[in-house]
Amino acid sequence: MMKLRIIALLVTLLLTALNFAIAQTNLVLTGQVYSKIPLDGATVYLYQAAGSIPVQTAVTDSKGTYALAHLKAGTYRIAVMMIGYAVYKGDSFQLQVSTILPVIQLQQTGLALQEVKISGQKALIEKKIDRTVINVEAMVSSAGSTVYEVLEKSPGIMIDQSGGVSLKGKGAVIFIDDKPAYLSGADLESYLKSLPSSTVDQIELMSNPPAKYDAAGNGGIINIRTKKSKLKGFNGGVNLSYVQGEYTRTNNSFNFNYRYNKVNLFGNAGLAVINNYSDLDINRHFENANGAITSNFLQNSFSRTTGQSYTSKVGMDYYLSEKTTLGIGLTGLYRPSKQKMFVKSVFTNAQNLPDSTVLADNRELHKFRNIGVNLNYRHLFDKNGRELTADIDYVNYKTQNNQSFDNNSYPQDGLLASNYLLTGSLPAGINIYSAKMDYSHPLKSGVKLETGLKTSYTQTDNIADYFYTVNQVTKPDYNKTNHFLYKEHINAAYVNANKEFKGLTVQAGLRLENTVSNGNQLGNVQKADSTFKRNYTGLFPTLFLQYKLDSAGTNLLSMDYGRRIDRPYYQDLNPFLSPIDKFTYYTGNPFLKPSYTNSIELSHTYKGKFTTSLSYGKSLDQVNETIEIVNGIYYSRPGNIGSATVKSLSFDGSFDLASWFNFHFYGQVTNIHTVSAFYTGQLDTKGTFYYLKPILQFKAGKDWTIQLDGYYQSKITNVQFVTGEQKRVNVAIAKKLSANTTIKLVVNDVFHSYVNSGAINNLALTKADYHNVNDSRTGVVSLSYRFGKAISNLRKHEGSGAESEQKRVKN
C-alpha cells in the first residue's frame, strides 16, 4: 500500500509541476481559405521556414476557417492543399503573438480524380512519442494476405507456435480500431487469419500505452487500424486476390464512404476462402529414474481446414452541428469451418520396436459469430482542442464446436483390437457491455490534460456435452461434460497530461482499475459444483519523456515507463477437460491470478529514421502455457509463472541507399529469464535469442515496385519450451496500372523454410519434441482499385468503450 501511495504522490507532484511550470509562449494562428466561397475540407500545413516536415496540420471547417494552436514564436510558412485546386505555398513570416493571417485564395484546376498523380507514398515506419506506426500499404508483400501474415512480417512482432503474439519478446494484446480482439492462442490466430490485409490501414505498436488505454497486456498493445476513408462524396476501394499454395484460397474486400450534407456513411466487407493444412509430429520419450528410455510415443497428425470467413463493418456519423457529432457503428464476423484430422499414434518399446498403433479419424465443425454495436458522441467545445467523447458498446460472441474422435487400436499383430468413439457438443456465449467517457482540456500553461471514466461488464456461458461409444453403446462422459459460468465487472478512471518545454516533451498518466469477478462451475451428476470470487484494485502509472539534443530534432532521446496487468483469458479460467485427440487434452485453470509487469525503455532516434532501444521488463505471476504428462496423457493448461524478466536491445532503421532503393532493417537481441515453482520442482530457465527482419524495396521504373523481405529467429528458451529457429523469405512485385489501379504478384516463404519446431522440458520422466509444417509457401495475384470523388474533411470515430475485454475471448 505504501508503494501505491508513493507512486500516486509522485504522479500528483509531476502533474502539478507540469501545470505550474514556467509559462511558455502559447500562440494561436488562424485564418480562412476561399475560392469564391469558403472551402470546407482544405488541408493546411504549417512548416518552420527552413523545414520540410510539417510542424502542425489543420483541416478547414464549413466556413473555410482553420486554427493552429500551441505554437512557439518563430519563423514559419504556410501551404494549403485540396484536390481540384492548385497547391498554395505562402511566403515565410514571423510569429511573435497570436495572429490572424490574410484570407488564402485557392485557384481551381478542374482536375478529376483520375488525373491527379500521387508523387510520393507513406513511409513504412513512423515514430511517435508513445507508439510506432506501420503503414500496411507501404509493405508490398502484404497484398492478398491476411492480417495474421502482415503481423508476421511487421518489425518487432513475433508469433509463436500456439498463436501467441509478442512485441519485443513480451506478450502483447491485439486491438482492432482501439477495441480489443478478446482472443488468445490458436483462436486469436484463427480470427486474424479471417481478416483480409486489404482492410487494414495501419498497425500501431505501443510497448507502454498511454493511461487512456486499458492497462491490460504485459507487453503492451498492437492496435490494428482498419481503413476509414477521410473523403467527401462517394469513394472507396475493391481488393481481389487469388492465393495458390498446396491448396487454393482467396482474400477479398470492399470499403466505401459516402458523405452527403450532415450524414456520413462508411463501411467495409471481406470474404475469405479458407483452405490449409498442418502436418504435425509430436514425439514423447518416457524414461526411468536413471534417465534410460523405457518406451516411446510417436504421433503424426495431418489436418485439413476448410471454410469461409465473412467480415463486415458499417457505420454512420450525423453532424448535429460543426462541433457536435453522433455516430453508430455495427461490426460482424461469421466464420464456419471444418477440420479433418488423421492421427497415427505409434507406441514402441525401449528398442524402438512397434508395440501398438492407434489410428484416429477426428473431425470438427466449428462456427464462430461475432456482432458489435457502438454508439458514440463527440463535442468540440472550441478550436483549442477542448473535447468530450462518449461511447456505449455491446459485443457478443457465439461459438459452436461439434467434435468427433473415432479411435481404432491395433496391437502388434495388426488386427483391430478396439474401437472408441468420443463425440462432443461445445456451445459458448460471451456478452460484453461497456461505457466510457473521455475529456481533453488544453490549459493556458501549455499542458494538455486528458481524463476519463470507464465501466465494463462481461458474462460468459460455456457448455461441454461429451458422449463415448464402445461396442455401439453410447453413454455420457461425465469426466469431460460440464457447464461453466463467469461474470466480471471492471471500473476504471485515468488522468493524463502532456507538456512541451523547450526541447523537452513530457507525458505522464495514472490509471486506476478495480476488478470484481465470479466463477461458477455447475458440474454434473458425478462432479460437485464449485465457485470462486475475486476483488482487486490496481494503480497503473505511465511516463514518457522525449528530449531534442539539437534544435532541428536530429537526435532524440526518449524514455518511457509503464505498469501493466494481464488478466486471464475468459476460457482459461474454465476448468473443462477438452480433448485435442485421445492422448492430448487442454484444460483451464480457475485459480489463475492476474499478472503484473513493470517495463522501462530507453531509446535514441537519429533523423527520424534510425532508432536504437534498450528495454527491461519484469512480470510477476505471468500466465503461460504449461505441459504435464500423467500416465502417458499430455495435458496442456495455463499456469502462473513466479517471475519472468525480459531484457532487449533493438535497432530499427531505414536507409535510402539510392533514389530507387530503400533498405529497412529491424534487429533484436532478447534475454528471457523465468523462475517459478513447478510440478516437477523448481523451474529456472534462461536464454538469449536473435531476431532479424530486413525489408528491401526497389523502384524499378516509374510505376514498378519490387520488395524482398523475410526474417530469421534463433532458438528461444522460455519457461518449458525451447522453440527452434525460424526463417522465411518473401518477394513481391507491384505495378501501378493507373492512378487508382494496382496489381501485385507475391510469393510467400519462397523456400518453404518456415517450420514450427522445438522441445518441451521439465516433464516428469519424459522428453518431448514437436515439428509442424503448414501451407506457408504461396503465390498471390492481387488487384486493387480505388474509386470516387476525393475531397478531404471527415470526422471518423475510432474508439469504443469495449477496449480491454474482447482480447480475452477465444474464438
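The chain is numbered in sequence order, starting from 1.
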In sequence, state the C-alpha distance, the side-chain angles, and the governing distance for Gln726 and Ser753, and then conclude on side-chain hydrogen bond (donor to acceptor under 3.5 Å, both in side chains). CA-CA 8 Å; Gln726 294 182 359; Ser753 55; over 6 Å; no

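- By the side-chain contact (heavy atoms from CB on, under 4.5 Å) test, Phe698 pairs with Trp660, Phe661, Leu696, Ile706, sequence neighbours left out.
- Checked by atom type and distance alone, the side chain of Ser337 never pairs as donor or acceptor with a backbone atom of Thr306 at under 3.5 Å.
- Heavy-atom minimum distance, Val780 versus Ser241: CG1-CB, 4.3 Å.
- For the residue pair Gly667 and Leu692, the shortest heavy atom distance occurs at CA-CD2, 4.2 Å.
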Report the C-alpha distance between Val781 and Leu745 in whole Å, list the side-chain angles of each, state the deciding distance to 0.1 Å, and finish with yes or no for side-chain contact (heavy atoms from CB on, under 4.5 Å). CA-CA 5 Å; Val781 180; Leu745 304 176; 3.7 Å; yes

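- Remark: Glu725 engages Lys727 in a salt bridge (charged side-chain N to carboxylate O under 4.0 Å, His left out) (not counting sequence neighbours).
- Contacts of Asp656 classified as side-chain contact (heavy atoms from CB on, under 4.5 Å), with partners at least two apart in sequence or in another chain: Lys609, Asn662.
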Audit row: Asn223, Met206, side-chain contact (heavy atoms from CB on, under 4.5 Å) steps and yes/no: CA-CA 8 Å; Asn223 188 32; Met206 293 176 274; 3.9 Å; yes

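- At a cut-off of 3.5 Å, with distance as the only test, no side-chain donor of Ser434 or Asp393 sits close to an acceptor on the other residue.
- Between the side chain of Thr325 and the main chain of Arg378, no donor-acceptor pair closer than 3.5 Å is present.
- A heavy-atom distance below 4.5 Å is found between the side chains of Arg335 and Leu333.
- Although no hydrogens or angles enter the test, the distance criterion places a donor-acceptor pair under 3.5 Å between the side chain of Asn730 and the main chain of Asp749.
- Thr305 meets the side chain to side chain donor-acceptor pair (under 3.5 Å) test with Gln339; sequence neighbours excluded.
- Around NZ of Lys735, the count of heavy atoms belonging to other residues, nucleotides or ligands within 6.0 Å exceeds 12.
- Judged by distance alone, the side chain of Thr311 and the main-chain N or O of Gly270 form a donor-acceptor pair under 3.5 Å.
- Between Tyr691 and Tyr666, the ring planes lie perpendicular to each other; the angle is over 60°, past the 30° to 60° tilted range.
- Two residues are said to be in side-chain contact when any heavy atoms from C-beta on lie closer than 4.5 Å; Tyr770 and Thr723 meet this criterion.
- The aromatic rings of Phe254 and Phe787 sit parallel, their planes meeting at an angle under 30°, below the 60° perpendicular limit.
- Scanning all heavy atoms of the two residues, the minimum distance from Tyr277 to Val773 falls at CE1-O, 3.8 Å.
- Below 30°, between 30° and 60°, or above 60°: for Phe651 and Phe665 the angle between ring planes is between 30° and 60°, a tilted geometry.
- In this structure Tyr242 satisfies the side chain to side chain donor-acceptor pair (under 3.5 Å) test together with Gln244, sequence neighbours excluded.
- Looking at residues two or more places apart in sequence or on another chain, you find a side-chain contact (heavy atoms from CB on, under 4.5 Å) between Asn431 and Tyr394, Asn396, Tyr433, Gln459.
- In this structure, CZ in Phe266 is found 5.0 Å from CG in Asp317, a value given to the nearest 0.5 Å.
- A side-chain donor-acceptor contact under 3.5 Å links Asp775 to the backbone of Tyr247.
- Taking 4.5 Å as the limit, every side-chain heavy atom of Phe175 sits out of range of all side-chain heavy atoms of Ile224.
- With sequence neighbours excluded, the residues satisfying side chain to side chain donor-acceptor pair (under 3.5 Å) with Glu364 are Gln403.
- In this structure, CD in Glu246 is found 10.5 Å from CG in Asn276, a value given to the nearest 0.5 Å.
- A side-chain donor-acceptor contact under 3.5 Å links Asn300 and Asp279.
- For the atom pair His752 NE2 and Asn774 CG, the distance stands at 6.5 Å (nearest 0.5 Å).
- In this structure, NE2 in His366 is found 10.0 Å from CD in Gln400, a value given to the nearest 0.5 Å.
- His664 and Asp652 share a side-chain donor-acceptor pair at under 3.5 Å.
- Between Phe368 and Tyr397 the shortest side-chain heavy-atom distance falls below 4.5 Å.
- For the residue pair Asp391 / Asn376, no side-chain donor-acceptor distance below 3.5 Å is found, with atom types taken as modelled.
- Residues Thr778 and Gly245 share a closest heavy-atom pair of CG2-CA, 3.9 Å.
- Seen from the ring of Tyr319, Lys262 does not count as a face-on cation partner, given the 6.0 Å and 45° thresholds.
- Without hydrogens or angle criteria, Arg249 side chain to Ile274 main chain gives no donor-acceptor distance under 3.5 Å.
- Under the 4.5 Å side-chain criterion, counting only non-hydrogen atoms from C-beta, Leu39 is in contact with Met82.
- Arg777 meets the salt bridge (charged side-chain N to carboxylate O under 4.0 Å, His left out) test with no other residue; sequence neighbours excluded.
- Proximity of Asn740 to Tyr785: side-chain heavy atoms (C-beta onward) are separated by under 4.5 Å at one or more points.
- Note: Lys313 NZ to Asn255 CG = 11.5 Å, rounded to the nearest 0.5 Å.
- Take Leu240 and apply the side-chain contact (heavy atoms from CB on, under 4.5 Å) test, not counting sequence neighbours, and it matches Val238, Asn252.
- At a threshold of 4.5 Å between non-hydrogen side-chain atoms, the residues Tyr213 and Ile221 count as touching.
- In this structure, the side chains of Tyr45 and Val80 stay at 4.5 Å or more apart for every pair of heavy atoms.
- Remark: the Asn362 side chain and the Ser404 side chain contain no N/O donor-acceptor pair separated by less than 3.5 Å.
- Partners of Ser312 under the side chain to side chain donor-acceptor pair (under 3.5 Å) rule, at least two apart in sequence or in another chain, do not exist in this structure.
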Let me see the working for Val133 and Ile203 under side-chain contact (heavy atoms from CB on, under 4.5 Å), right down to the final yes or no. CA-CA 6 Å; Val133 179; Ile203 296 175; over 6 Å; no

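- A distance of 12.0 Å separates CG in Asn748 from OH in Tyr754, rounded to the nearest 0.5 Å.
- Considering only residues two or more places apart in sequence or on other chains, Arg304 meets the salt bridge (charged side-chain N to carboxylate O under 4.0 Å, His left out) condition with none of them.
- A search for salt bridge (charged side-chain N to carboxylate O under 4.0 Å, His left out) contacts involving Asp703 returns nothing, not counting sequence neighbours.
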Evaluate Ile733 against Thr705 for side-chain contact (heavy atoms from CB on, under 4.5 Å), listing each step before the verdict. CA-CA 6 Å; Ile733 301 174; Thr705 302; over 6 Å; no

